[in-house]
Amino acid sequence: MLESAPSSPGAAEQQPELGYPRPGEVLRRLRTQRGMSLRQVAAECGLSVSFLASLERGETDIALERLSRLAAVFGHDVGSFLGFSRGRATPSVFPLQTQEVLERAPGVTYHVLRSPELGYQVITAHFRPHSELGEELQHEGTDLIMMTEGTLVARYNGVDYELRAGDCAQWSAGYPHTFRNDTDEPARFIGVLFSSLY
């Protein structure tokens, strides 16, 4: 005997396998990652705060057109918002002027690109001649460093490693590490931090 689908108001909440994540759960996760309030999301997508709050609590459903407007707030299409595609329907472009600039030490400048929904940060680091980070860093996650110009000394867990343009290094960021430029030429690297440091 076949059972009919439940028709009670809480039926969707009682079904553990819908085949897709609940839009309200996705909204809460992305909103929290971006540090946005419901009011900010509502202003950008044209939906009411009360509707979005109800969606997050799982008390209401959302029509496809509204879901599309909501997904666009976070740079997604409906498919990528719900996890059906690996990427967004459009590329993410991060112009240099929108990236945060950090003066990490005299002669050391970082440009920080955050990708919270993917769980990593990209750092473009510029070291002037004879500059150094100074402090030793220690944080959660893994770092991937790719030298793009010049030569740096990476001091990792008390040992110096020379990195030249084109060299890559990967390490557990839980051990102390720092960088210095001992040369008369500038040096740059791109670092992918698989944790939220900056």
**Q** Give a yes or no on whether M146 and F179 share a hydrophobic cluster (residues Ile, Leu, Val, Met, Phe, Trp, Tyr; joining criterion: side-chain heavy atoms under 4.5 Å apart).
**A**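 M146 and F179: separate clusters.
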
**Q** Answer whether the closest heavy-atom distance between the side chains of H111 and L102 falls below 4.5 Å.
**A**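 Not touching, per the 4.5 Å side-chain cut-off.
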
**Q** Parallel under 30°, tilted from 30 to 60°, perpendicular over 60°: which one fits the rings of Y156 and H177?
**A**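 Taking H177 first and then Y156, their aromatic rings sit tilted (interplane angle of 30° to 60°).
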
**Q** When rounded to the nearest 0.5 angstrom, what is the spacing between SG in C168 and CD1 in I145?
**A**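 Going from the SG atom of C168 to the CD1 atom of I145 covers 9.5 Å.
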
**Q** Side-chain heavy atoms under 4.5 angstrom apart, residues restricted to Ile, Leu, Val, Met, Phe, Trp, Tyr: same cluster for L152 and V159?
**A**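 Yes, because L152 and V159 connect within a single hydrophobic cluster, where side-chain heavy atoms sit under 4.5 Å apart.
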
**Q** Could you check if a side-chain atom of V192 sits within less than 4.5 angstrom of a side-chain atom of D143, using non-hydrogen atoms only?
**A**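 In short, these two side chains do not touch, never coming nearer than 4.5 Å.
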
**Q** May I ask you to check if R66 and F51 form a cation-pi contact, with NZ or CZ under 6.0 angstrom from the six-membered ring centre and within 45° of the axis?
**A**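 Yes, cation above the ring, under 6.0 Å and within 45°.
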
**Q** Which heavy atom of V78 sits nearest to which heavy atom of A71, and what is that distance?
**A**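 Between these two residues, the closest heavy atoms are N-CB, 4.3 Å.
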
**Q** Could you report the tightest heavy-atom contact between F74 and L70, atom names first, then the distance?
**A**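 Scanning both residues, the minimum pair turns out to be CD1-O, 3.5 Å.
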
**Q** Please lay out, stage by stage, how V108 and S131 fare under the test side chain to side chain contact (heavy atoms under 4.5 Å, CB included).
**A** CA-CA 7 Å; V108 180; S131 62; 3.9 Å; yes

**Q** Start with the C-alpha gap between M36 and V73, add the side-chain angles, then the distance that decides, and say whether side chain to side chain contact (heavy atoms under 4.5 Å, CB included) holds.
**A** CA-CA 11 Å; M36 297 178 74; V73 171; 4.0 Å; yes

**Q** In plain terms, say whether R188 and E149 are close enough for a salt bridge, that is, a side-chain N and a carboxylate O under 4.0 Å apart.
**A**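 Yes, charged N to carboxylate O under 4.0 Å.
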
**Q** I need the minimum non-hydrogen distance between T109 and V101, along with the two atoms involved.
**A**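 Minimum heavy-atom separation between T109 and V101: CG2-CG1, 3.7 Å.
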
**Q** Can L82 and L67 be said to form a side chain to side chain contact (heavy atoms under 4.5 Å, CB included), step by step?
**A** CA-CA 10 Å; L82 294 177; L67 183 59; 3.9 Å; yes

**Q** Same cluster for L55 and L64 if Ile/Leu/Val/Met/Phe/Trp/Tyr side chains link at under 4.5 Å?
**A**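 Yes, it is one cluster - the side chains of L55 and L64 are joined through contacts under 4.5 Å.
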
**Q** Is R69 salt-bridged to E44, cutoff N-O under 4.0 Å?
**A**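 Looking at R69 and E44, the cut-off is not met.
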
**Q** Working to the nearest 0.5 Å, report the span between CG of L137 and NE2 of H139.
**A**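 Here the rounded value is 6.0 Å.
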
**Q** Roughly how far apart are N181 CG and L133 CG, rounded to 0.5 Å?
**A**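 CG of L133 is found 12.0 Å from CG of N181.
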
**Q** So do F189 and L163 actually touch side chain to side chain, heavy atoms under 4.5 Å?
**A**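 In short, these two side chains do not touch, never coming nearer than 4.5 Å.
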
**Q** Step through the shown structure and confirm whether more than 12 heavy atoms of other residues, nucleotides or ligands are within 6.0 Å of CD on E185.
**A**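 At most 12 heavy atoms, drawn from other residues, nucleotides or ligands, come within 6.0 Å of this atom.
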
**Q** Please round to the nearest 0.5 Å and tell me the distance separating atom CZ of R128 and atom CG of D184.
**A**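 So the CZ of R128 and the CG of D184 are separated by 14.5 Å.
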
**Q** Can you find a pair of side-chain heavy atoms, one from P23 and one from V26, that are under 4.5 Å apart?
**A**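 P23 does not reach V26 side chain to side chain.
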
